[in-house]
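For reference, the structure discussed in these notes is given below.
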Amino acid sequence: MTKAAIYHNNRCGKSRNTLAILKEKGVEINVVEYLNNPLSATELKRIIDLLGIKPIDLIRKGEAVFKENYKGKELNDDEWIQAMVEHPILIERPIVEVNGKAVIGRPPENVLDIL
């Protein structure tokens with residue numbers, strides 16, 4: 001059976017839809033509610049490496065926290081990671097990790113690429 005981790009926010013429709021796809025496919029799922037259990041900088045770096053993106057590309061720029069604290073600022077990669085550690089709401093969601101690969105579930109069907 002395929003095992004997956006989903007970094008999930010239950011209030012997000014895309015996250016719920018991605019979780020539903022995983023369940024539909026019979027995947028064994030570890031649901032990580034990252035807003036309740038924030039990720040460490042080390043965990044975020046590992047996930048960002050798996051995604052093959054820059055930290056800024058994992059930032060939700062529409063969030064009030066971003067607009068109030070970070071919009072227009074030039075931060076380095078470690079500073080963006082620290083911003084996500086301090087404000088997990090800034091992390092794009094959902095992220096699904098399977099067998100050393102990861103995708104952002106936007107759209108939710110992206111998860112099919114790594115199953």
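Computation of the quantities below employed the complete heavy-atom set of this structure, encompassing side-chain atoms and omitting hydrogens, waters and symmetry-equivalent molecules. Sequence positions, counted from 1, serve as the residue numbers for this chain.
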Is there a donor-acceptor contact under 3.5 Å from the side chain of [X] to the main chain of [Y]?
X	Y	answer
Lys61	Ile56	yes
Arg106	Arg93	yes
Trp80	Leu75	yes
Asn69	Val65	yes

Query raised in the report: Any idea which heavy atoms bring Leu35 and Pro88 closest together, and the distance?
Result: CD2-C, 3.7 Å
Query raised in the report: Are Ile91 and Leu58 side-chain neighbours, meaning at least one heavy-atom pair lies under 4.5 Å?
Result: yes
Query raised in the report: Below 4.5 Å, heavy atoms only, C-beta onward: do Met84 and Leu39 meet side chain to side chain?
Result: no
Query raised in the report: Looking at Lys45 and Asp78, does any basic side-chain N land under 4.0 Å from a carboxylate oxygen?
Result: yes
Requested in this report: Have a look at Leu22 and tell me which of Val27, Thr2, Val31, Leu112 forms a side chain to side chain contact (heavy atoms under 4.5 Å, CB included) with it.
Outcome: Val27
Query raised in the report: Do the side-chain N and O atoms of Glu97 and Tyr7 include a donor-acceptor pair separated by under 3.5 angstrom?
Result: yes
Query - hydrophobic_cluster_shared for Ile89 and Ile47, side chain cutoff 4.5 Å - result: yes
Query - From CG (Leu115) to CG (Asn110), nearest 0.5 Å - result: 11.0 Å
